[in-house]
Amino acid sequence: MDNIVSGFLLLFTFKSLLFLVLGVVVGFVVGALPGFSSSNGVAVMLPLTLGMELHTALIFMAAIYAAAQFAGAIPAILINAPGTMGAAATALDGYPMGQRGEGGLAIGIARMASACGGVIGAIIVLLVITPMSALALKFGSVEMFLVAIFGLTLITTVIGDSVRKGLISAGMGLLIAAMSADPFYGQGRFTMGFINLYDKVPFVPILIGIFAITEMYFLSKKTNLIDKVMIKLDNNTLRDLIEGIKETLKYPKVIFRSAIIGTVIGAIPGTGTAISNFISYGIAKRSSNRKEMFGTGIPEGVIASEACDSSVASGTMIPALTLGIPGSATTAIMLAALYLHGVRPGPQVMVNQAAEAYAVLLAILFASILVLPLGTLLASPLIALTRISTSILVPIVLLLCAVGAFAVANSMFDVMLMFIFGIIGIIMRINGYPVVPFVLALILGPIAEANFIRAYMLSQGEWTYFFTTQISWILWAIIFFGLFSNPIKIAFRKMRQQGN
Amino acid sequence: MRNSILNFVLKNALFPSLAVIFVISFYISARDLQAISFSYPKGVIALLVVLFVWTLFSEGKKWSQSKEELDEANFLANKVKEFKKPLLMMVTFLVYILFFDDIGFFVTTGLFLLFMFIILGQRRPMIILLNIIGLLLLCYVLFTVTLSLPLPSGLFI
């Protein structure tokens, strides 16, 4: 309880609240831009947080994350082009509502459902994070190493269409993170003579390159962010707000169930919003007494997707804060912010930086509440923003990337590193290799290696040491299941077909 | 006619090829280190080698089965045409980041923005001018004044 109060005290200062509001506005912008996501936005903004205190930086990023989850629904409803991955399920019912002339109402419902989902998700996480962190503290080096591998395994099997490509992507991330000096003897491994790589591989320029530069490359091919005709809205935002609240509150069961689904799935590293939203949508459809209406433009569909979408942000904070395992690409960047401020992510964060951790969770809660008034106030400018020309947007973002990468260490090396990883990101996307496992591996690499070496030393060369505890057995089983469940399923299906 | 190797590599195999080069270079550079320093990367490299062999078979099979007709003569010309705008953008960005330390942040940024707006198809001079002035002012206020970040001054400003 003391920690929650300390978190409140950190959040309720003028500066923190200012950055909370600023974060919500930035989150709206990045969420509303089709092609942009919270991870792109947080990556570009990361260097700007350098001059801030740790809690302000984290509050700012958490607010961007929470607000972007809602704003992605706007282009999904108006042009059937989800601003974020999670909003894809929102488009299923939001867009038909928009086509019927109920676009304003659909946005109002999405806003209210997002606010409810965000608040419920944050409350659940606030309640469970203390016991979860107590459990995490019991993890030894073997368990921590396995948790890192477990996180990566899940991500590679869930993201992208090929496990092989996901694993190569993650493997390359791990190897690049291992270029710096080893944590035991301090011997540089593949620094290529660059002193900047000796201490640790700089995350921030790599993240900016992989996320923002890559995205700008692909956006530059287009003239406008959206090529489709946008549904026109009447400008009665206050009426939409009230109608949205009224309509959403008619479905409390859908809100609670979706928020719980989002929080639980969000807590599983790598699963993210796209999966959870479709699961939530599917469950809402199955348990509704008007199943056949789903997909034709009904409020329940929008609520199921949006309430879940917003609660995922809170869920992803559970592994990030208790274990140092990012639950999503955005939390990976938030963990990079911890590194930037000299804090090593892991179970000790909930002990040494408990107040900051609770401030982040409270920031998500209050950012979700702020979605209602600010979302109403900024609805029209946000809709206008989706019409921005790429000839304006791309140079602005590239400029911010260059200055941001330079700002981290006043180093041109970092700027070049950002460019190189931008090119690598472009090649990865063209060749169909997912970038998220790569980024998560880059962040998890040092944690995995430090714990692997510690366990290796303790084992005195005895490999059975990695199988000595019950938790380690469970983790090995999950890793094995995650990697091989699909091939086994396919093999069984083939055998059954041959049998027939 | 089978798909050309160049087209296939560009579409499917450029990243794994670069990854193989990186992994081999890493291995050569780190193989003489003490066992414990190299133990973890060695495990990752072993995993990657298995995955690369898998990729070789998988992509090789895909290539041998591909039946896409390709006009070899016009292939490169078409690719350049398709990617002209993003490639020009990346080259301009590279030139910008190569020179902003020596020439000065504000001068190079002004020129960079001007070229970028033109490359990306912005034709209205007023919009270009207002955006350049606005962004330079924003950079000055945000980075120099607010964040006290020493931006490179180089030869000019």
Side-chain angles (χ1 to χ4, degrees), chain A residues 48 50-51 162 164-165 167-169 171-172 174-176 178-179 181-182 184-187 189-192 213 216-218 220-221 223 389-392 394-396 398-399 401-403 405-407 410 412 415-416 418-419 422-424 426-428 430-433 448-449 452-453 456-457, chain B residues 10-16 18-19 22-23 25-26 29-30 33-34 36-41 43-45 47-48 51-52 54-55 58 82-83 85-86 89-90 93-94 96-98 100-101 105 109 112-113 116-117 119-123 127 131 135 139 142-143 146-152:
Chain A
L48 300 184
L50 262 177
S162 159
R164 169 178 55 85
K165 288 182 174 180
L167 283 173
I168 289 181
S169 188
M172 288 305 294
L174 288 176
L175 205 57
I176 287 170
M179 284 168 79
D182 81 277
F184 194 75
Y185 286 119
Q187 289 183 304
R189 288 174 286 202
F190 189 40
T191 57
M192 294 179 277
I213 303 287
M216 289 308 107
Y217 174 86
F218 288 100
S220 70
K221 285 184 181 177
T223 310
S389 158
T390 51
S391 66
I392 301 289
V394 172
I396 295 173
L398 287 180
L399 171 62
C401 291
V403 185
F406 178 81
N410 286 352
M412 285 310 292
V415 182
M416 284 313 294
M418 169 204 66
F419 185 80
I423 302 280
I424 290 172
I426 293 164
I427 296 170
M428 285 174 81
I430 291 172
N431 288 181
Y433 284 80
E449 179 171 16
F452 171 80
I453 292 199
Y456 182 72
M457 299 294 289
Chain B
L10 281 178
K11 271 189 183 166
N12 303 289
L14 189 54
F15 178 69
L18 291 173
F22 178 83
V23 169
S25 313
F26 194 115
S29 163
L33 294 175
Q34 302 217 19
I36 199 144
S37 299
F38 192 42
S39 59
Y40 169 80
V44 179
I45 288 172
L47 170 77
L48 281 167
L51 291 166
F52 289 149
W54 182 4
T55 302
S58 170
E82 186 188 340
F83 291 100
K85 206 158 73 165
M89 182 200 89
M90 291 306 281
F93 188 53
L94 177 65
Y96 167 60
I97 58 176
L98 281 176
F100 84 57
D101 197 28
F105 176 77
T109 300
F112 162 71
L113 289 171
M116 286 299 277
F117 286 136
I119 289 167
L120 294 172
Q122 186 53 253
R123 293 284 175 265
I127 290 194
N131 268 297
L135 285 167
C139 282
L142 186 65
F143 298 109
T146 314
L147 296 172
S148 307
L149 183 78
L151 292 168

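A, B, ... follow the sequence lines: proteins, then strands. Residue 1 opens every chain.
- With a threshold of 4.5 angstrom between heavy atoms, M89(B) approaches chain A through side-chain atoms but not through N, CA, C or O.
- Applying the side-chain contact (heavy atoms from CB on, under 4.5 Å) test to I430(A) and every residue at least two apart in sequence or in another chain returns F218(A), I426(A).
- Both the backbone and the side chain of F26(B) come within less than 4.5 Å of a heavy atom of chain A.
- In this structure, chain A has heavy atoms under 4.5 Å from both the backbone and the side chain of S25(B).
- The CZ atom of F38(B) sits 11.5 Å away from the CG atom of D182(A) when rounded to the nearest 0.5 Å.
- For L48(B), the part lying under 4.5 angstrom from a heavy atom of chain A is the side chain only.
- Neither the backbone nor the side chain of A181(A) comes within contact range of chain B; no heavy atom of the residue lies under 4.5 Å from a heavy atom of that chain.
- Classified by interplanar angle (parallel below 30°, tilted 30° to 60°, perpendicular above 60°), the ring pair F419(A)/F93(B) is tilted.
- In this structure, the separation between CG on N410(A) and CG on L151(B) is 8.5 Å, given to the nearest 0.5 Å.
- R189(A) and S29(B) share no side-chain donor-acceptor pair at under 3.5 Å.
- Interface remark: T55(B) contributes backbone and side-chain atoms alike to the contact with chain A (heavy atom separation under 4.5 Å).
- Interface residue M172(A): backbone and side-chain heavy atoms are both found under 4.5 Å from chain B.
- I427(A) has its side chain within reach of L18(B): a pair of non-hydrogen atoms, C-beta onward, lies under 4.5 Å apart.
- Rounding to the nearest 0.5 Å gives a distance of 6.0 Å between CG of D101(B) and CZ of F406(A).
- Across L113(B), I36(B), L47(B), V44(B), the residue that shares the most heavy-atom pairs under 4.5 angstrom with chain A is I36(B).
- Both the backbone and the side chain of L94(B) come within less than 4.5 Å of a heavy atom in chain A.
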Inset, instruction - Give the intermediate values and the outcome of side chain to side chain contact (heavy atoms under 4.5 Å, CB included) for residues F105(B) and V403(A). - result: CA-CA 9 Å; F105(B) 176 77; V403(A) 185; 3.4 Å; yes

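- Counting heavy atoms from C-beta outward, I127(B) and I392(A) have side chains that approach closer than 4.5 Å.
- When heavy atoms are compared at a cutoff of 4.5 Å, F452(A) approaches chain B solely by way of its side chain, counted from C-beta outward.
- For F112(B) against P395(A), the heavy-atom pair with the smallest separation is CE2-O, 4.1 Å.
- No side-chain heavy atom of Y96(B) sits less than 4.5 Å from a side-chain heavy atom of L398(A).
- Between the side chain of N12(B) and the backbone N or O of N431(A), no donor-acceptor pair lies under 3.5 Å.
- Inter-residue side-chain proximity for M116(B) and L399(A) is flagged as unmet; no heavy-atom pair is nearer than 4.5 Å.
- For M457(A), the part sitting under 4.5 Å from any heavy atom of chain B is the side chain, from C-beta outward, and nothing else.
- From F15(B), atom CZ reaches atom CE of M428(A) across 4.0 Å, with rounding to the nearest 0.5 Å.
- Using a 4.5 Å cut-off between heavy atoms, L51(B) contacts chain A through both its backbone and its side chain.
- Taking the ring centroids of F190(A) and F22(B), they lie under the 6.0 Å cut-off.
- Annotation: side-chain hydrogen bond (donor to acceptor under 3.5 Å, both in side chains) contacts of Q187(A) (sequence neighbours excluded): S37(B).
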